[in-house]
Amino acid sequence: MSADIRRGEMLYEGKAKRLFGVEGHPEWILQEFKDSLTAFNAQKKGSFENKGRLNRDITSLVFRFLASKGVPSHRVADLGTNEMVTEKLEMLKVEVVVRNVLAGSTAKKFGIEEGTPLEKPLTEFYYKDDALQDPFISDEQALMLKVCKTQAELDQLKTLALKVNEGLVEFFGAADLRLIDFKIEFGRRLSSSGLGQIVLADEITPDSCRLWDKKTGERMDKDRFRRDLGNVKESYEEVFGRLRDHWSKKLV
Ligand code: ADP
Ligand code: TMP
Ligand code: ASP
């Protein structure tokens with residue numbers, strides 16, 4: 001397929017990806033994963049060589065695995081070293097976070113020690129708006145902000161997020177990685193008749209997940225950059241290497 005795909009005009013440049021049109025395919029976009037790395041709403045900036053390639057490859061494995069578990073995503077195909085062709089979606093203005101173990105902002109908010117396991121996974125909604133620094137929102141606030149149409153759709157997001165969590169615990173667990181928490185985004189398929197289906201979009205990478213080594217408890221994700229722990233590149237490489245060794249031959 002890659003021979004037929006030609007990059008169109010740039011539609012958007014974000015913190016971690018650039019989006020392009022695809023010539024002759026208005027229903028697709030081309031997502032280029034950048035080498036840059038940001039934290040705290042881009043107040044802290046960095047980069048490392050090959051980061052875009054690693055995150056594209058990790059996202060590709062994750063979405064292929066989730067597809068095998070019946071969770072649809074926007075992925076159409078990988079392209080080149082650091083690009084992915086995806087369906088063009090109408091993104092929902094919400095970031096859905098699922099936590100298995102308390103860490104990061106929610107641990108801090110309640111003064112509970114990082115690493116405290118939760119009895120059941122916790123889902124949280126954040127309003128996707130950089131200018132407001134993605135604030136936490138309640139279900140009612142999500143409906144007020146028209147993040148989606150109905151309470152039933154919000155419930156559907158939670159159900160999908162918990163299904164993604166179940167899959168990801170298995171997916172990362174097989175690579176000796178403990179999934180602490182993660183953030184995902186959803187979009188609506190464009191449809192000429194009625195409301196399009198809501199599917200998983202964006203990326204799933206060590207930028208958007210907390211992953212701790214099962215044996216040593218060492219952090220293997222973007223917290224190494226956020227907290228100046230060093231070995232950021234090496235950790236992303238290790239995560240991809242383990243996932244590739246376990247999963248690449250098992251997935252289509
Ligand atoms: P940010 O916008 O937060 O800086 P990125 O640099 O990762 O983040 O930019 C990617 C942007 O593309 C995000 O805003 C994300 O919501 C959006 N996006 C992801 N998947 C799709 C899709 N399939 N269709 C349209 N937009 C998408
Ligand atoms: P948090 O503990 O800072 O709220 O983060 C929860 C999870 O969401 C963690 O795995 C990192 C991820 N995340 C993002 O992907 N993007 C963000 O902007 C933030 C704040 C967190
Ligand atoms: N995604 C946010 C940023 O890039 C915050 C974070 O991941 O810590 O700035």
Side-chain angles (χ1 to χ4, degrees), residues 10-22 26-47 51-52 55-56 59 63 72-76 82-110 112 114-115 121-136 147 161 164-165 168 172 177-190 196-212 219-227:
M10 190 169 86
L11 305 171
Y12 174 80
E13 173 147 18
K15 297 184 287 289
K17 296 191 282 304
R18 296 203 293 170
L19 309 186
F20 297 85
V22 177
E27 75 282 19
W28 289 345
I29 52 177
L30 193 152
Q31 308 216 9
E32 179 197 88
F33 288 68
K34 306 199 296 186
D35 283 347
S36 53
L37 195 66
T38 65
F40 315 122
N41 207 12
Q43 288 175 60
K44 179 168 178 164
K45 292 192 172 78
S47 72
K51 190 239 179 191
N55 273 4
R56 193 289 303 273
T59 297
F63 284 164
S73 82
H74 67 172
R75 177 177 175 275
V76 174
N82 64 339
E83 296 161 329
M84 183 179 285
V85 178
T86 71
E87 295 175 60
K88 183 180 195 166
L89 303 174
E90 184 196 324
M91 295 302 288
L92 306 187
K93 282 194 69 165
V94 66
E95 300 194 343
V96 184
V97 169
V98 180
R99 301 178 193 273
N100 296 304
V101 173
L102 267 197
S105 66
T106 303
K108 191 170 170 199
K109 187 172 177 179
F110 298 115
I112 299 173
E114 278 206 312
L122 188 64
T123 54
E124 296 172 351
F125 292 133
Y126 292 84
Y127 188 48
K128 193 172 154 45
D129 186 325
D130 278 348
L132 300 174
Q133 297 179 29
D134 302 340
F136 177 90
V147 149
V164 170
N165 183 48
L168 293 184
F172 289 115
L177 295 164
R178 187 171 173 219
L179 178 66
I180 304 301
D181 58 32
F182 63 91
K183 178 272 296 182
I184 46 179
E185 296 183 25
F186 294 97
R188 199 186 290 283
R189 283 188 169 143
L190 309 177
Q197 188 189 2
I198 290 176
V199 296
L200 189 57
D202 204 50
E203 64 176 63
I204 297 183
T205 65
D207 281 11
S208 60
C209 303
R210 285 197 174 89
L211 301 167
W212 294 0
R219 292 167 192 268
M220 308 286 287
D221 55 65
K222 194 158 106 175
D223 272 348
R224 300 205 72 81
F225 170 72
R226 294 190 188 98
R227 303 180 187 195

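For ligands, and for the atoms within them, numbers begin at 1 and follow the listed sequence.
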Check your understanding: What atoms of ligand 3 come closer than 4.0 angstrom to any heavy atom of Ala42?
Key -> 3 (C), 9 (O)

**Study point:** Atoms of ligand 1, numbered as shown, that sit under 4.0 Å from any heavy atom of Glu87
**Key:** 22 (C), 23 (N), 24 (N)

Review point. Taking Asn82 for the side chain and Glu32 for the main chain, is one N or O donor matched with an acceptor at less than 3.5 Å?
Key: no

Check your understanding: Counting distance only, does the side-chain N/O of Lys51 pair as donor-acceptor with the main-chain N or O of Ala16 below 3.5 Å?
Key -> no

Check your understanding: When you check the gap from the basic side-chain N to the acidic O, do Glu114 and Arg219 get nearer than 4.0 Å?
Key -> yes

Exercise for review: Considering only non-hydrogen protein atoms, determine which one is nearest to atom 6 (O) of ligand 1 and report residue, atom name and distance to 0.1 Å.
Suggested key: Ala16 N, 2.7 Å

Review point. Under the 4.0 Å line, does any protein heavy atom show up next to atom 6 (C) of ligand 2?
Key: yes

**Study point:** Atom NZ of Lys88 with >12 non-hydrogen neighbours under 6.0 angstrom
**Key:** no

Review point. For ligand 2, is any non-hydrogen atom under 4.0 Å from Lys222's backbone (N, CA, C, O), its side chain (CB onward), both, or neither?
Key: neither

Practice item. Report, in ascending order of atom number, the atoms of ligand 2 lying under 4.0 Å from any heavy atom of Ser105. Key: 1 (P), 2 (O), 3 (O), 4 (O)

Exercise for review: Kindly say whether Arg226 contributes a backbone atom to a donor-acceptor pair with the side chain of Lys44 at under 3.5 angstrom?
Suggested key: yes

Review point. For ligand 2, which atoms, with element, lie under 4.0 Å from some heavy atom of Arg226?
Key: 11 (C)

Exercise for review: Have a look at ligand 2 and work out which part of Ala103, if any, has a heavy atom under 4.0 Å from it: side chain, backbone, both or neither.
Suggested key: backbone

Review point. Atoms of ligand 2 less than 4.0 Å from Gly104 heavy atoms?
Key: 2 (O)

Exercise for review: Please write down residue, atom name and distance for the protein heavy atom closest to atom 3 (C) of ligand 3.
Suggested key: Thr38 OG1, 3.2 Å

Exercise for review: Could you tell me which atoms of ligand 3, counted from 1 in the order shown, lie closer than 4.0 angstrom to a heavy atom of Arg226?
Suggested key: 6 (C), 7 (O), 8 (O)

Exercise for review: Mark up the atoms of ligand 3 that fall under 4.0 Å of a heavy atom belonging to Lys222, in ascending order.
Suggested key: 1 (N), 4 (O), 6 (C), 7 (O)

Review point. Please state which protein non-hydrogen atom is closest to atom 11 (C) of ligand 1 and give its distance, to 0.1 Å?
Key: Tyr12 CE2, 3.7 Å

Check your understanding: Looking only at protein heavy atoms, which one is nearest to atom 8 (O) of ligand 1, and how far off is it?
Key -> Lys15 N, 4.2 Å

Check your understanding: In ligand 1, which numbered atoms sit nearer than 4.0 Å to a non-hydrogen atom of Thr86?
Key -> 23 (N)

Exercise for review: Say whether, by atom type as modelled, one donor and one acceptor occur between the side chain of Arg56 and the main chain of Glu83 under 3.5 angstrom.
Suggested key: yes

Check your understanding: Going by heavy atoms in the side chains, are Asp207 and Leu37 under 4.5 Å from each other?
Key -> yes

Point to revise | atom 5 (C) of ligand 3 [closest protein heavy-atom partner, distance rounded to 0.1 Å] | key: Phe40 N, 3.6 Å

Review point. Ligand 2 versus Lys128, non-hydrogen atoms closer than 4.0 Å: side chain, backbone, both, neither?
Key: neither

Check your understanding: Does the side chain of Lys17 come within less than 4.5 Å of Tyr12's, by heavy atoms?
Key -> no

Exercise for review: Report the part of Gln31 in contact with ligand 1, treating N, CA, C, O as backbone and CB onward as side chain, heavy atoms under 4.0 Å; options are side chain, backbone, both, neither.
Suggested key: side chain

Exercise for review: Tell me which part of Asp207 gets within contact of ligand 2: side chain, backbone, both or neither, using heavy atoms under 4.0 Å.
Suggested key: backbone

Review point. Of all the non-hydrogen atoms in the protein, which one sits nearest to atom 19 (C) of ligand 1, and at what distance?
Key: Asp202 OD1, 3.3 Å

Check your understanding: Taking atom types as modelled, is there a side-chain donor on Asn165 or Asn100 under 3.5 Å from an acceptor on the other?
Key -> yes

Review point. Which of these, Met84, Lys34, Lys128, has its nearest heavy atom closest to atom 14 (O) of ligand 1?
Key: Lys128

Check your understanding: Salt bridge or not for Asp221 and Arg210, using N-O below 4.0 Å?
Key -> no

Review point. Is a side-chain N or O of Asp134 found less than 3.5 angstrom from the main chain of Lys128, in a donor-acceptor match?
Key: no

Check your understanding: Which one holds for Glu185 and ligand 1: side chain close, backbone close, both close, or neither close, with close meaning a heavy atom under 4.0 Å?
Key -> side chain

Practice item. Among Tyr126, Phe125, Tyr127, find the one that has a side-chain contact (heavy atoms from CB on, under 4.5 Å) with Val94. Key: Phe125

Check your understanding: Taking C-beta and beyond as the side chain, do Ile204 and Cys209 meet within less than 4.5 Å on heavy atoms?
Key -> yes

Review point. Which residue owns the protein heavy atom closest to atom 7 (O) of ligand 1, what's the atom, and how far is it?
Key: Lys17 NZ, 2.6 Å

**Study point:** Result of checking Glu124, Glu203, Glu95 against Lys183 for side-chain contact (heavy atoms from CB on, under 4.5 Å)
**Key:** Glu95

Point to revise | Point-to-point distance, once rounded to the nearest 0.5 Å, from CG of Leu19 to CD1 of Ile29 | key: 4.5 Å

Practice item. Just jot down the ligand 1 atoms closer than 4.0 angstrom to any heavy atom of Ile29, in number order. Key: 22 (C), 24 (N), 25 (C)

Review point. Backbone, side chain, both or neither: what part of Cys209 comes under 4.0 angstrom of ligand 2, heavy atoms only?
Key: backbone

